[in-house]
Amino acid sequence: MLLGCALSALAVAQPPPSAVDFANLREDVRGLTQRVGDLSLRIEQLERQNADLRAPVRAPEKAVSFATVAQLREVAADLERAIKSSVDSSQSDTLKRVAGQLEKLANQTNAALTDLAKGQGSKPVVMPPAADDTAKPAGTYVVQKGDSLSAIARKAGVRQADLMAANKISDPSRIVVGQTLILPASK
């Protein structure tokens, strides 16, 4: 009973709805109806797209394929093996070409050395005249700063060639300070 009194008091306290309230309410209902219609259309579109994705492929223009992770891994492994094989083959071919070029270069070098040796063989080798093996050494000389083999030979009164032969010197510019030279007997 108390509830009935509260409701009637409330009904008395609120004024009756006006034409503006009804117009606003009608506009809100129309907007909600339009929104529900838009959502229904969107749901239908999504259901069609979902059905298209689930349906078996019938036409080539709709060819869609999906792969599993295992299939992708297998394809990646096949590609890796193919690349490795290609690289190995390329390396092998490169090594064969390099070996062929090295062999060709070695043959050319050997031919050039042979030609050079033949050219040197036709020229006579100039050796300093040998000292008389019976000659006895006249003494020794210690090379001083500024000495040359020719100057030492002049001082000792011997030929430079004999001095070189007695000391087994092939290059007269290769004497050093402090070196002891054997002086051959003068002839």
Side-chain angles (χ1 to χ4, degrees), residues 48-187:
R48 275 194 302 265
Q49 288 175 352
N50 192 18
D52 288 345
L53 290 174
R54 289 186 180 170
V57 178
R58 294 184 187 99
E61 63 269 7
K62 289 188 175 183
V64 177
S65 63
F66 299 96
T68 64
V69 173
Q71 290 171 327
L72 291 174
R73 284 185 182 146
E74 185 178 331
V75 168
D78 288 344
L79 284 173
E80 185 178 349
R81 282 190 293 271
I83 289 170
K84 187 177 185 308
S85 173
S86 176
V87 167
D88 289 345
S89 174
S90 175
Q91 285 177 345
S92 176
D93 289 346
T94 302
L95 288 174
K96 285 178 184 176
R97 279 189 292 205
V98 167
Q101 290 174 349
L102 282 174
E103 186 176 344
K104 186 177 176 182
L105 183 60
N107 290 339
Q108 289 173 345
T109 303
N110 286 339
L113 288 173
T114 302
D115 289 345
L116 184 63
K118 286 179 184 176
Q120 289 293 327
S122 64
K123 295 180 183 176
V125 177
V126 178
M127 295 290 289
D132 187 10
D133 289 341
T134 60
K136 304 231 188 243
T140 59
Y141 177 81
V142 178
V143 177
Q144 303 297 315
K145 185 175 179 179
D147 280 345
S148 68
L149 205 55
S150 61
I152 296 169
R154 269 193 311 271
K155 285 181 196 175
V158 295
R159 294 183 324 159
Q160 181 177 336
D162 293 336
L163 184 59
M164 288 175 62
N167 291 283
K168 298 182 179 143
I169 298 174
S170 58
D171 185 359
S173 64
R174 296 272 179 162
I175 59 171
V176 293
V177 174
Q179 180 180 356
T180 303
L181 298 176
I182 297 172
L183 299 174
S186 56
K187 294 182 181 179

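If you read the sequence from its start, that first residue is 1, and numbering goes on from there.
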Report task. Give, for atom OG1 of T140 and atom CG of L183, the distance between the pair rounded to the nearest 0.5 Å. Result ->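 If we round to the nearest 0.5 Å, T140:OG1 and L183:CG are 6.5 Å apart.
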
Query raised in the report: Which distance, rounded to the nearest 0.5 Å, do you find between the CD of E80 and the CD1 of I83?
Result: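 Output value for this atom pair is 7.5 Å.
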
Query raised in the report: Charged N to carboxylate O under 4.0 angstrom, R97 versus D93?
Result: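 No, no charged N to carboxylate O under 4.0 Å.
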
Between [X] and [Y], what is the shortest heavy-atom contact and its length?
| X | Y | result |
| --- | --- | --- |
| R159 | A153 | C-CB, 4.1 Å |
| Q179 | R174 | OE1-O, 4.1 Å |
| A166 | I182 | CB-O, 4.1 Å |
| D147 | K155 | OD1-NZ, 3.6 Å |
| M164 | S170 | CE-O, 3.8 Å |

Query - Residue pair N167, I175: steps toward the side chain to side chain contact (heavy atoms under 4.5 Å, CB included) verdict - result: CA-CA 10 Å; N167 291 283; I175 59 171; over 6 Å; no

Report task. Check step by step if side chain to side chain contact (heavy atoms under 4.5 Å, CB included) holds for V143 and L149. Result -> CA-CA 9 Å; V143 177; L149 205 55; over 6 Å; no

Could you tell me whether a side-chain N or O of [X] sits under 3.5 Å from a main-chain N or O of [Y], the two making a donor and an acceptor?
| X | Y | result |
| --- | --- | --- |
| S89 | S85 | no |
| T109 | L105 | yes |
| S92 | D88 | no |

